[in-house]
There are 2 protein chains.
Amino acid sequence: MERRTRQREAIRRALVAAGRPLSPQEILADAQREVPGLGIATVYRTVKSLADDGEVTAVELPGGLTCFERRHQHHHHHFQCRGCQKVFEVHGCPGHLDRLAPAGFSVEGHELLLFGRCADCRTTP
Amino acid sequence: MERRTRQREAIRRALVAAGRPLSPQEILADAQREVPGLGIATVYRTVKSLADDGEVTAVELPGGLTCFERRHQHHHHHFQCRGCQKVFEVHGCPGHLDRLAPAGFSVEGHELLLFGRCADCRTTP
DNA sequence: ATAGATGCAAAGAGTTTGCATAGGT
DNA sequence: ACCTATGCAAACTCTTTGCATCTAT
């Protein structure tokens, strides 16, 4: 069974507090304010463990960055800011996407990413 | 100015022949049939050069894989097969995606990726 | 002949893993 | 006391870069 460690709790709190998907480095920086000696390997191991438990999900972004967010029950997508690179949740989905696939292909899912500028970066380039 | 080398031509031909986005490794394998000594560094340098010229565009997929395809003038999206991992072009776009973004955010673009099984992998798991 | 392109190997960046130790239970 | 979780460092993967050589012009 899994243990309740300061590191694990700090990582979970960082994700809860952010309310948006965080990169491993963002998680590290946030959680280190609580547990200064925290190492990046623990962040990777912990988010993987939390993902296995179904508590968080990975958000893989074009460019190779993988962020992590607390698991939601509802279908949603993401927005990435070109200014600060932060990732935000986007509610809703255009739907009717399966019909776009080539004939003979079976669509099992989809991902949609919007990009542009968040409210903060829109005013502060 | 740029030179017309066997390597560069083999890489361009691989992209034309495939008719779909190729990963650096796929490009290497295809182009090596024409130029056996071809190295992966040349593939990376060449696709970057072709991208700078506007002849190819990068297709960045969740998971960190970056593929390259010949540049199209029309807006389109992609499908990735969970069986063979190959990437295909998808025509059309659901449109009206900007409205999904949070208030105060400006949307400059979007990417849509469908995933599932291609026609080949649907019958051959 | 000149200068850009290539192949190799080394260097980076991000992520994962091995191992001794710390620390939850 | 036991055994998982941690921190460090090494290993790994993918991509980029330095450099001597090759080759298109």
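Quick note on labels: first sequence line is chain A, next is B, and so on, each numbered from 1.
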Are Phe115(A) and Phe79(A) close enough that their ring centres sit under 6.0 Å apart? no

Report the C-alpha distance between Ser49(A) and Arg8(A) in whole Å, list the side-chain angles of each, state the deciding distance to 0.1 Å, and finish with yes or no for side chain to side chain contact (heavy atoms under 4.5 Å, CB included). CA-CA 10 Å; Ser49(A) 160; Arg8(A) 189 182 185 91; 3.1 Å; yes

Starting at CZ of Arg8(A) and ending at C1' of dG23(C), how long is that distance when rounded to a whole Å? 15 Å

Applying a 4.0 Å non-hydrogen cut-off, can you work out what Thr46(A) is touching in the nucleic acid: base, sugar-phosphate, or nothing? sugar-phosphate

dT4(D) P sits how many Å from Asp53(A) CG, rounded? 15 Å

Matching residue for Val59(B) among Arg20(B), Glu69(B), Glu111(B) - test: side-chain contact (heavy atoms from CB on, under 4.5 Å): Glu69(B)

Would you mind classifying the nucleic acid contact of Leu65(A) as base, sugar-phosphate or nothing, using non-hydrogen atoms under 4.0 angstrom? nothing

Nearest-Å distance, CD1 (Ile27(B)) to P (dC14(D))? 15 Å

How many whole angstroms separate atom CD of Glu9(A) from atom C1' of dT25(C)? 14 Å

Answer with yes or no after comparing the ring centroid distance for His75(A) and His110(A) against a 6.0 Å cut-off, counting only values under it. yes

In whole angstrom, give the distance that lies between atom CZ of Arg12(B) and atom P of dA5(C). 13 Å

Over 60° means perpendicular and under 30° means parallel, so tell me whether His74(A) and His72(A) are parallel, tilted or perpendicular. perpendicular

Measure the distance from CD on Gln85(A) to P on dG14(C) and round it to the nearest whole Å. 13 Å

Report yes if a side-chain nitrogen or oxygen of Gln7(A) is closer than 4.0 Å to either non-bridging phosphate oxygen (OP1 or OP2) of dG7(D); otherwise report no. yes

Can you check side chain to side chain contact (heavy atoms under 4.5 Å, CB included) on Leu114(A) and His77(A), steps first, answer last? CA-CA 8 Å; Leu114(A) 304 180; His77(A) 295 295; over 6 Å; no

Whole angstrom is fine here: how far is it from CD in Glu60(B) over to C1' in dC14(D)? 13 Å

B/S/- along nucleotides 16-25 of chain D (protein heavy atoms under 4.0 Å) is BBB----BBS

